[in-house]
Each structure stands twice: as C-alpha cells, then as structure tokens.
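Heavy atoms only: backbone and side chains are in, while hydrogens, waters and symmetry mates are out.
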Amino acid sequence: SRRVVGVPPNTGATAAPYTPPAEPGGAVTFVLVSTMNPDSAPRVANLLASMRAFLTTDDTSDKEPRGGSSERVVAELLVLVPDAELDWWALAAAALGADAPWGKTRVVPESRALPTPAAAARALAPGAARREARGLGYRTQMLLKLAAGALVRTPFYVTLDCDVVLRGALRAEDMLD
C-alpha cells in the first residue's frame, strides 16, 4: 500500500468528505493535472521555471515577492497525477524543495481525487466519446480539475495546463477582486 503525505485515505462514499485545513491569507492554490510523457515533460519544466521566476522574492526589493506584496500569492502547488506515476512525481516534488516560491508541492494520485477510478470511468464512457479527437484523456483531465476543489486548502484555486507559463509578476489582486 502506498502512503502519500498530506492526502487522506480513500475511504469510500460512505465516509464523511475530507476537509483540508484552510490556508491563511489571500493566497490561491495552483492545480496542475498532468502526466509525464515526452510531450508534457518539457512543458511542465517551462511552467515550473516561470513560476520560480515570477513568484519568487527579489533580493533588491526587501524580500517582497516580485508582485509587490509581502504575502505569498500561491499557497501550494497541487499536482494530480496517474497512480502509476505517483512515485516519479513524488520524487520530482521533493526535488523542487520546501522553499519553492509557491510553497509546498503536494502530489495526489487520481484514485484519491476521483470517487470512481479513472479506468472505470473511461470504460463507462459512451462510444462517441471514445471516437472524439480529444478523447477520454481530456474528459478525465476535466473531471480531475473539478475534483481538485475537494483537495485544496485555500478558498480559491487556479487550474493550470502544462503548456501555460507565467510571463510576469503575479499578484493576488490579478486573480482575486
């Protein structure tokens, strides 16, 4: 049995829903639903590099984040991954370090996020969904992005795709009004 720190055990539909502790302040959670393959790996690396560049502190501005506020904009990076890739992603998250400008990186397997295993949901999909260009992987990704709401510890979260990059400083007021 695999153990993931910070992720509640999947106790089934009869258990009370998991409510993560709230994070203080106006920070949001960034949610990345990803898989590691030759297409996504370089894109994920670019996303993380842009986050490190534009969410980090600037030594010339009294240690305030580049967005101009002393509060962290992103409280946590939550990464939802296929169960088979959990060990790889956990290793990658550890390599990012606890001092990442977005706070902790928490990796959660798909099976902990969805009430129905992803493979079972794919098997139940209508035939038309299997023939569509975006296919079942796209539908599973959308379900995981919605399911992230039950796992985040902040009042708000932003879902990211691996082909997104930050182009400049990010402030909480850029996302929240």
Heavy atoms only: give me the nearest R106-V152 pair and the separation to one decimal.
NH2-CA, 4.2 Å

So L78 and V108, side-chain contact (heavy atoms from CB on, under 4.5 Å) or not? Walk me through it.
CA-CA 7 Å; L78 174 63; V108 177; 3.5 Å; yes

Ignoring hydrogens, what is the shortest heavy-atom contact between R52 and W102? Give both atom names and the distance.
N-CZ3, 3.7 Å

Between V81 and V107, is any pair of side-chain heavy atoms under 4.5 Å apart?
yes

Specify the closest pair of heavy atoms between L170 and F30, including all atoms of both residues, with the distance to one decimal.
CD2-CZ, 3.6 Å

Specify the closest pair of heavy atoms between A147 and A113, including all atoms of both residues, with the distance to one decimal.
CB-O, 3.4 Å

Any side-chain to backbone donor/acceptor pair from D83 onto E110? Under 3.5 Å, distance only.
yes

Between the CE atom in M51 and the CG atom in N46, the distance rounded to the nearest 0.5 Å is 13.0 Å

List the atom of L47, the atom of C162, and the distance in Å for their closest heavy-atom pair.
CB-O, 4.3 Å

To the nearest 0.5 Å, atom CG of L32 lies from atom CG of D161 at 8.0 Å

Answer whether the closest heavy-atom distance between the side chains of V33 and L160 falls below 4.5 Å.
no

Restricting to non-hydrogen atoms, name the atom on L146 and the atom on Y157 that form the minimum distance, rounded to 0.1 Å.
O-OH, 3.6 Å

Separation between OG of S34 and CD of E85, rounded to the nearest 0.5 Å
7.5 Å

Looking only at side-chain N and O atoms, does E76 offer a donor or acceptor that is under 3.5 Å from a partner on T154?
no

Residue among L80, L144, V31 satisfying side-chain contact (heavy atoms from CB on, under 4.5 Å) with L151:
L80

